[in-house]
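Within every chain, numbering begins at 1; the chains are lettered A, B, ... in the order of the sequence lines, protein sequences first and strands thereafter. All of these numbers come straight from a predicted model, not from anything done at the bench.
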Amino acid sequence: MRSTIRRGFLLLIGLILLALPLAASASEHNSSQTLFREASNLIAAGDYQAALKTLDQISPPSGRDDAGDFVKSRMQKAQLYHALGAFDEAGSSCREVLALFPDHMEATQFLASLAKAQKSKLALFFDDMKLFLPSLIHGAGMTLFLVVITMMISPLGGLLLALGRMSGVAPLRGLCWSIIWFFRGTPLLLQLFFIYYGLPAFGVTLSPTISAIIGLGINYSAYLAEIIRAGIESIDHGQMEAAKAIGMSYTQAMRRVIIPQTYKRLMPPVGNEFIALIKDTALVSTIAMVELMRSANQMFNTYFNVNVLIIAAMIYLLFTTIFTVTFEKIEKRVGAYENR
Amino acid sequence: MKTDNTRHAIPGDAPIIRLEKVTKRFGHTIAVNAVDLSVMPKEKVVIIGPSGSGKSTLLRAINILEEIDEGAIVFEGRQVGYVEKKGRRALDTPKNVCALRAEIGMVFQHFHLFPHMTVCENIMEGPMTVQGKSREEAHIIAVDMLKKVGLLDKQGVYPATLSGGQKQRVAIARALAMKPKIMLFDEPTSALDPELVGEVFNTIKGLADEGMTMIIVTHQMGFAREIADRVIFMESGQFVTEAPPKEFFGACMKHPRVASFVDSIL
């Protein structure tokens, strides 16, 4: 019984000894907390200037004192200034903290986001451009490569298909008709898939680049074939007769007389096709080709930044604009004989 | 108006071109019905007749622009457009057809100049592409031909800027540049304004005076009267009557069809 009382007494003494310094610090703590409470009441009331002044009363720590309240007050000030749009003051609040704790993470980040907030939208866009352009340009190079290659293949393929389609030899005519029918009648995406993923089943494995060139080349040849055929058939039949009458063969008449006259008529529809081609190259991103669309997609998935898509769209527009203007110029030049 | 170069068919002389029972059908319509015709070197034959009578078809058949269904066309002893293969008639090779066409000049109603080439290039095209002549040689020929038709000053322009009469003269020069042995004119003035007929007529007349063999299909009675050694009236794919112009416009006018046709034209 006695020992129990003694143990209880000792516990009481211990508790009192423990509580003494706590009580001493609590008095100081209480004063900061009162200030914080006062400040948040003022903020709630909408008196921000008074709130800022209140927060200012929390003085920098002296010596080994705990600086938590000071840091908290300065960060709150920074946020308040930021909310008020006073970025410079918000910055100096952050710097007060950084002066004490140069590595303080919250202050550093806040300062960085302040810098960002102070930049114009345009400047931010240019920052994104700097970040995204290198890989987008790399992709755009591949897009341009595919467009140029297809632009070289498809008029030739289209001409051969068109001539075959108009040929007097029935099997050749049938074959060319079928090729045009098939490649115009099925989606380009499906054709690309078939060439890249399907042909290996038949023992033909092609690289993505070769697959893309073959797919785009044949598809666009089929489309151009019908345009070219229409162009050739639109030339007055008398031209062919006049060419034959001076002894030209069919081939000579086509090459020297008929086809040169189709150029002007072909420019608008062919230009149209080539603009469609620029955009259709985006489809080859599905067969592991890294071109503009795929680059943009990759960057977007990494950064979730919509500016990537805007910049990619701008590059596509740049390409189509250059093509449109160029084709208009060429059209004027090849048709010059009509109004000279 | 007859010149020294005028000549009539003399028996025993070899015709430059001979048509034997030439027949051409379009479906059930017979455009040319078993026509016989011999044209002597330097002879000028004018064919007249109502439209749809088969004149143009006949002319086009000579240049193998129309295939014929029966008969034969013989140009300087060679059959035109066809060969006998195991007793059957077959189309000649394109190469032979082209070679023959190169020797037969043809002028169309609607000129058919190549619009993407200058006047000079139009004329140079045949000699260069077909005969393989150099640009310089072809240019000399073109200048020569343009002098002949009186359009040397137009050599650098495109056909679009020319009048109809000028276009037809260039078309004549283009045909002449191939140095043809015979010239076929398919209604050369029918597409022209009346005031432009004269210049084309004079060009053809000049050619006739030089002794060019020619077959002219026309509605211009003046042509027939002034140029022809022989005028043929064609109707429904057949030759109704043929005679030297004096006779034709004299005695033959008694022929009721000829009389009514000539009346309708004049």
Side-chain angles (χ1 to χ4, degrees), chain A residues 155 159 162-164 166-173 227-228 230-270 327-340, chain B residues 56 59-60 62-66 91 93-119 121-132 156-162 167 170-171 173-180 183-184 186 191:
Chain A
L159 177 63
L163 291 176
M166 293 187 294
S167 160
V169 186
L172 180 64
R173 200 167 55 227
I227 294 172
I228 291 169
I232 289 173
E233 284 176 354
S234 77
I235 302 299
D236 177 19
H237 192 61
Q239 290 292 313
M240 179 55 98
E241 293 203 332
K244 281 180 173 174
I246 55 171
M248 283 195 194
S249 67
Y250 176 81
T251 317
Q252 287 172 331
M254 274 292 168
R255 191 168 51 86
R256 301 281 310 165
V257 176
I258 307 297
I259 291 170
Q261 289 185 54
T262 64
Y263 292 160
K264 186 190 162 68
R265 294 174 202 206
L266 289 186
M267 278 307 148
V270 169
F327 266 85
E328 273 170 15
K329 285 229 167 86
I330 296 174
E331 188 189 335
K332 276 196 192 112
R333 186 172 296 175
V334 296
Y337 59 83
E338 278 179 14
N339 25 31
R340 204 175 286 172
Chain B
S56 289
L59 214 58
R60 290 163 55 80
I62 295 173
N63 212 2
I64 329 164
L65 292 175
E66 300 284 358
L91 271 172
T93 60
K95 202 180 159 209
N96 286 343
V97 169
C98 290
L100 260 167
R101 281 186 185 134
E103 292 182 39
I104 304 174
M106 181 144 187
V107 173
F108 299 89
Q109 180 179 356
H110 295 287
F111 335 125
H112 300 325
L113 290 180
F114 307 136
H116 58 303
M117 299 179 191
T118 62
V119 164
E121 285 165 349
N122 260 278
I123 300 167
M124 287 159 69
E125 190 58 31
M128 281 172 69
T129 306
V130 180
Q131 295 174 335
V157 308
Y158 284 90
T161 60
L162 299 179
K167 281 182 191 166
V170 173
R174 181 176 67 182
L176 288 176
M178 297 297 291
K179 305 271 185 275
M183 286 286 284
L184 311 175
D186 186 6

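- Rounding to the nearest 0.5 Å places CD of A/Gln252 at 6.0 Å from OG1 of B/Thr129.
- With a threshold of 4.5 angstrom between heavy atoms, B/Phe108 approaches chain A through side-chain atoms but not through N, CA, C or O.
- Heavy atoms of other residues, nucleotides or ligands lying less than 6.0 angstrom from NZ of B/Lys179 number more than 12.
- Per-residue counts of heavy-atom pairs under 4.5 Å with chain B were compared for A/Ala243, A/Pro260, A/Gly247; the largest is that of A/Gly247.
- The NE2 atom of B/His110 sits 11.5 Å away from the CD atom of A/Glu241 when rounded to the nearest 0.5 Å.
- If you measure heavy-atom distances from B/Arg174 to chain A, the contacts under 4.5 Å come from both the backbone and the side chain.
- Heavy-atom distances place no part of B/Pro94 under 4.5 Å from chain A, backbone and side chain included.
- Options A/Arg255, A/Gln239, A/Met248 differ in how many heavy-atom pairs under 4.5 Å they form with chain B, and the most are formed by A/Gln239.
- Between the OG1 atom in A/Thr262 and the CD1 atom in A/Ile227 there is a gap of 11.5 Å [rounded to 0.5 Å].
- Summarising the geometry, atom CG belonging to A/Leu159 is positioned 4.5 Å from atom CD1 belonging to A/Ile259; distances are rounded to the nearest 0.5 Å.
- With a 4.5 angstrom heavy-atom cutoff, B/Ile64 does not touch chain A via any of its atoms.
- Interface remark: of the candidates B/Val130, B/Asn63, B/Val97, B/Val130 forms the most heavy-atom pairs closer than 4.5 Å to chain A.
- At least one side-chain heavy atom of B/Phe114 sits less than 4.5 Å from a side-chain heavy atom of A/Ile246.
- The side-chain heavy atoms of B/Val170 and B/Phe111, taken from C-beta on, include no pair separated by under 4.5 Å.
- With a 4.5 angstrom heavy-atom cutoff, B/Leu100 does not touch chain A via any of its atoms.
- Taking chain A as the reference chain and counting heavy-atom pairs below 4.5 Å, the highest number among B/Glu125, B/Glu103, B/Gln131, B/Met106 is found for B/Glu125.
- Per-residue heavy-atom pair counts under 4.5 Å with chain A were compared for B/Leu113, B/Val157, B/Thr118, and the maximum is reached by B/Leu113.
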